[in-house]
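Report on one structure; see the data block that follows.
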Amino acid sequence: MVTKTVDLRSDTVTKPTEAMRAAMADAEVDDDVLCCDPTAQRLETEVAKITGKEAGLFVPSGTMGNLISVLVHCEVRGSEVILGDNCHIQIYENGGISTIGGVHPRTVKNNEDGTMDIDLIEAAIRDPKGALVYPTTRLICLENSHANTGGKCLSVEYTDKVGELAKKHGLKLHIDGARIFNAAVALGVPVDRLVQAADSVSVCISKGLGAPVGSVIVGSESFITKARRLRKTLGGGMRQVGILCAAALVALRDNVGKLESDHKKAKILADGLNKIRGLALNVASVETNIIYFDINEGSNMTVQKLCKNLEEHGILVMPETSTRVRLVVHHQISENDVHYALSCFQRIMMGTPSENGS
């Protein structure tokens, strides 16, 4: 019988804290579609201030935040956005920029550190002289931290260079900052400086920060005015949304300071996994709270079997491929949880030969 659960599937699995639940119960609310909810306004103002932007808008999810941002910048159907081939917008958001917005994605290879080569980005920008036959490039998108490369952080120097390139060609820059606070903490750079070059940012409050719901998109006043209208079009106007924004404010107050500890726990977990025979990962590549590891070729263990055996011990993980598993540390994972998880991994991997009769 499982008596302990350690949920490492994602940092989206956290439960609202008691402080969040109390804030939600006491939240001052009004109709946010009519721009009257005071708690929503407080949250939007706070996130805009943190990111150094003029205004903010609460949205139900990071996917909606990215979609709205892309559509504001690419108002004309047939516009093109340059983005990484391994980024969240390209892979995990249902192709919404195309199916809903009529925006064409032009992908550039993501490097192992989450960046795209600057020269490849520039080469992907369409020549305006070819407007008769080509889509019109209007936007570049970055993701920081970059989830699919293991939570890698894009430096402020790199981001500035992409911003300069965008300006040179009259383009806009959007940052998918689902885990921008993780990146800022890991790099030791304030959030506003890290996103200074961006025209818009989508900031998720329900990942590393642990709120139950929502993201805030930030940008200029004119950008947010257009974004608000698109939010309504997409069904994201939620009336007394201050109930959710109250929890997000608590997350900003209480949990940003816990991210450094989350990163340290991720390092401990990665280091321990690396010592287990049959598993492979690069410990030095773990910069924030996301870990990927592979099961070595020739091992008697499979991802499916490992995940099943771990679940029987109360350890929940995310299978990525037939050989790869993802783990994400969050503020509700303690150091004791990390050591318990490692002991379970060790027992399961050591037990593989005997279970297979060898």
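Values in this document were obtained by computation on a predicted structure and should not be read as measured data. For reference, positions follow the sequence shown, starting with 1.
Using modelled atom types, no side-chain atom of Glu311 and backbone atom of Leu316 make a donor-acceptor pair closer than 3.5 Å. Of the possible polar contacts, one joining the Asn289 side chain to the Val329 backbone as a donor-acceptor pair under 3.5 Å is found. Remark: side-chain polar atoms of Lys53 are paired, donor with acceptor, to backbone N or O of Val195 under 3.5 angstrom. Of the possible donor and acceptor atoms, one in the side chain of Glu143 sits under 3.5 Å from a partner among the backbone N and O of Ala147.
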Donor-acceptor contacts, no H, no angles, side chain residues 66-77, under 3.5 Å, sequence neighbours left out:
from, atom 1, to, atom 2, distance (Å)
Asn66, OD1, His174, NE2, 2.9
Asn66, ND2, Gly62, O, 3.4
Asn66, ND2, Glu93, OE2, 3.0
Asn66, ND2, Asp176, OD2, 3.2
Ser69, OG, Gly65, O, 2.8
His73, NE2, Ser200, OG, 2.9

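The residues Lys15 and Asp7 are annotated as not salt-bridged, no charged nitrogen and carboxylate oxygen being separated by less than 4.0 angstrom. A salt bridge links Lys275 to Asp271: one of the charged nitrogens lies within less than 4.0 Å of a carboxylate oxygen. Electrostatic pairing of Lys4 and Asp337 counts as a salt bridge here, judged by a charged N lying under 4.0 Å from a carboxylate O.
The shortest heavy-atom contact between Leu43 and Leu252 is CD1-CD1, 3.7 Å.
Separation of the Tyr340 and Phe345 ring centroids does not fall under the 6.0 Å cut-off.
Taking His313 as the reference, nothing meets the side chain to side chain donor-acceptor pair (under 3.5 Å) condition, with sequence neighbours excluded. Asn274 is linked by a side chain to side chain donor-acceptor pair (under 3.5 Å) to nothing, counting only residues two or more places apart in sequence or in another chain.
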